[in-house]
Every structure is written in structure tokens, then in C-alpha cells.
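First up is the structure itself, then whatever we jot down about it.
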Amino acid sequence: MLLVAGPASQYIAEKMAPLLNLELMKVESKTFPDGESYIRFPKSVEGEDLVVVQGSHPPQDRHLIQAFLIAHNARELGARSVKLVAPYLAYARQDKRFLEGEAVSILTVLSLLRASGYDSVYTVNIHSPWIAEESPIRLVNVKAEGALAAHLLEAGLEKPLIVSVGKKGEDMASSVARVLGADYTFARSMRDRETGVVRVELGEVSADTALVVDDIISTGGTMVEVVKALKSRGVRRVYAACIHALLVDGAAKKILDAGAERIIASDTIPNDYMEFTVAGVLAEALSK
Ligand code: R5P
């Protein structure tokens, strides 16, 4: 078996290689002057079982095209099997037709991954885990909340009030609370589909320190509103934690300006706030 580091995720493939005890092959890549992507394998993959590590964080479309090129090239060059590890899988939030006529983009992405030559896709805390049932390709959702909780314990953040975001985030946040032996409450966020404005409703809050756990921070709009709501209830210190830190449009500054003391993120997406790695949980899932 050969671990293949795609251009988007070399840093994480490098952490996984020793855990899996696998040789690492770094894909060579460049962008042509007209914007097209180029990839090359520096060694033969004939007869090999490949595990390709290539996330699809921004620039999502470029990273997806690179993922397609890698699988198709691998198959043409005689690879026996090709798995994709996408620590962050793009388009997972467009998992249904919210408005009439919209594309269910995640199903398109999964179909194209299959068509390009992958046998299966491993990803971390996918926004829409139920999509596995409809997925045209085997989809393995690896949960990283255990790694987050272990990191929080190690960081000495033992018992802040844990706050979930949205109905879908309740399982994740309550499992972090269990590991920490901490209290737990919820924040329900509602986003207006047309205007993008987020409204927040909080459960019971009586704490000095709170840690908000969300699967993803993108524009930061949701986290900002939750942080403000907690502050307005008298919480003195608020930490903002997530698995996927997209942090677009100055999100980090907005969250810190809203009063959060610290942003805590994993390394599924390269970012300035990554404090813990998902390499271990991915390696474990692949070893099963
Ligand atoms: C919503 O369901 C998610 O859990 C996140 O809260 C949301 O996607 C974050 O997006 P943004 O940072 O743009 O508010």
C-alpha cells in the first residue's frame, strides 16, 4: 500500500505516513499560465493499492480537479485500488434542494469522485452524514470530536460549559462534554436562506467559561452570533472550537472582535488556529 500526498494535503499525509507505517509518494503539481492543473507521479503505481490524501478546502474546485486527475491517472497507470482521504470534503453543505431547481452539489461531487476512479472516500465530520446512504461511492465519515476533547483536556480547558450549534451539532458537542465531564447546553441558529442573516436562541446558561463546538466555521456569522449571545448572558470567557476552519471573509477577526478569547481548530484545513490533528483518527479508520 502506498500513501499518496495530493497537493492540497501534503502536511497531513506527512503526519499519517508514520502512523500507518506507509511509504509516502508526493504528487508533483503545478498550475499552467491559463489556470489549468497539472499533476505527475514521481514513481510507478502499477499494481499498488493507493490511499490518496487530498482535501477539497479552498480553492475547492482546483483541489477537486487535482483529486480527479490523481485517481484517473492512477487507474490508467495500473493502480489496483484507490481510496480518497479528503479531511475536508467540499460541497457537503449543499446536501439537498433548499430552493427549487438547486443542484444537490455533494451528490455531483461524490459521483465524479467515483467516475474518476476512487473506490471509497474517507472524510472527517461531514456536515451531512446521512448522505452516505445515498452516496454513489462508499463514504466513510470519521469523527474527530474525540481528538478535540482529548486536546481540550491536554490544554487544561477542563470544564467549560459546552455549547452545541444547531440541532445537527448536538451529538458532537454533547460527546465532547461527556469526555470532559462538563455541563452542556445548546444554541439553535437559524439562517435566513435569502439574506444569510443568522438568529440564535440559547438553552440554559450559568457559567463563567463556555466553549462553543461547531463542525465548521466558514464566514463566522453563526459563531459571532453565538459568542455575542453568550456574552450577553454574562459568560466571561468564550472559546470557539470547530473541526473545519474555513475562516473566510475575515471570520477569525470577527469572532475574536465579538469577544471570543481563542479559536481552536483541527488541521483538516490549513489555518492559523489549528491546535489538534485528525491524522490519528484517519489512520485508525483506514486501518480497520
Ligand atoms: C451549520 O449548520 C454549521 O454547523 C455551521 O454553523 C455553519 O455552516 C457555519 O457557517 P458560517 O461560519 O458561515 O456561519
Side-chain angles (χ1 to χ4, degrees), residues 55-60 86-99 102-106 109 123-132 141-145 147-149 161-177 184-203 210-231 238-266 268-274 278:
S56 44
H57 49 270
Q60 295 89 331
Y88 174 73
L89 185 60
Y91 292 98
R93 285 184 293 169
Q94 189 65 32
D95 57 351
K96 62 179 171 196
R97 261 179 204 101
F98 299 97
L99 300 175
E102 284 182 344
V104 184
S105 314
I106 186 59
V109 166
T123 190
V124 178
N125 286 77
I126 189 167
H127 189 71
S128 39
W130 56 89
I131 212 74
N141 181 36
V142 179
K143 294 187 175 185
E145 42 267 47
L148 168 62
L161 172 70
I162 303 294
V163 185
S164 63
V165 181
K167 190 98 194 86
K168 286 178 297 213
E170 289 178 6
D171 281 355
M172 180 168 72
S174 56
S175 87
V176 171
Y184 159 78
T185 195
F186 64 86
R188 297 266 158 78
S189 58
M190 282 140 287
R191 184 191 294 271
D192 185 308
R193 288 262 151 219
E194 306 284 349
T195 63
V197 173
V198 181
R199 260 187 327 112
V200 167
E201 180 198 326
L202 279 180
L211 183 129
V212 188
V213 179
D214 205 350
D215 60 341
I216 177 166
I217 302 177
S218 179
T219 63
T222 309
M223 189 57 85
V224 163
E225 293 310 318
V226 178
V227 171
K228 282 188 188 162
L230 286 164
K231 285 276 180 184
V238 181
Y239 299 100
C242 69
I243 307 294
H244 305 298
L246 279 167
L247 297 173
V248 297
D249 291 343
K253 184 171 183 315
K254 288 183 210 157
I255 293 166
L256 297 170
D257 287 351
E261 187 145 315
R262 172 166 156 193
I263 298 170
I264 298 170
S266 86
T268 56
I269 298 170
N271 70 87
D272 291 340
Y273 301 89
M274 48 191 190
V278 297

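Both backbone and side-chain heavy atoms feed into the values below; hydrogens, waters and symmetry mates do not. In each ligand, atom 1 is the first atom listed, and ligand 1 is the first ligand listed.
- Within the 4.0 Å heavy-atom shell around ligand 1 one does not find M223.
- Environment of NZ in K143: sparse, with no more than 12 heavy atoms of neighbouring residues, nucleotides or ligands closer than 6.0 Å.
- Counting protein heavy atoms only, atom 10 (O) of ligand 1 is closest to R191 NH2, 3.4 Å.
- Evaluated for a side chain to side chain donor-acceptor pair (under 3.5 Å) with E102, the options K96, R97, Q94 yield exactly one hit, Q94.
- Across all their heavy atoms, I162 and A173 have their closest contact at CG2-O, 3.4 Å.
- Counting atoms of ligand 1 from 1 in the listed order, those under 4.0 Å from a heavy atom of D215 are 3 (C), 4 (O).
- The closest heavy-atom contact to atom 5 (C) of ligand 1, among the options I243, T222, D214, I255, comes from D214.
- The two residues F186 and E170 make their nearest non-hydrogen contact at CB-OE2, 4.1 Å.
- At the shortest separation from atom 13 (O) of ligand 1 among protein heavy atoms lies T219 OG1, 2.5 Å.
- The shortest non-hydrogen separation linking A251 to S218 is CB-O, 3.4 Å.
- Nearest approach of E145 to N125, heavy atoms of both residues: OE1-ND2, 2.9 Å.
- Evaluation of the side chain to side chain contact (heavy atoms under 4.5 Å, CB included) rule for D214 yields V165, T222, M223 as partners, not counting sequence neighbours.
- Proximity to I217 (heavy-atom distance under 4.0 Å) selects the following atoms of ligand 1: 12 (O).
- Near G220, with a cut-off below 4.0 Å to any heavy atom, the atoms of ligand 1 are 11 (P), 12 (O), 13 (O).
- For atom 9 (C) of ligand 1, the nearest non-hydrogen atom of the protein is I216 O, 3.5 Å.
- Of the listed options M172, R93, E225, K168, R93 places a heavy atom closest to atom 8 (O) of ligand 1.
- Residue H127 approaches ligand 1 through these ligand atoms, each under 4.0 Å from one of its heavy atoms: 1 (C), 2 (O), 3 (C), 4 (O).
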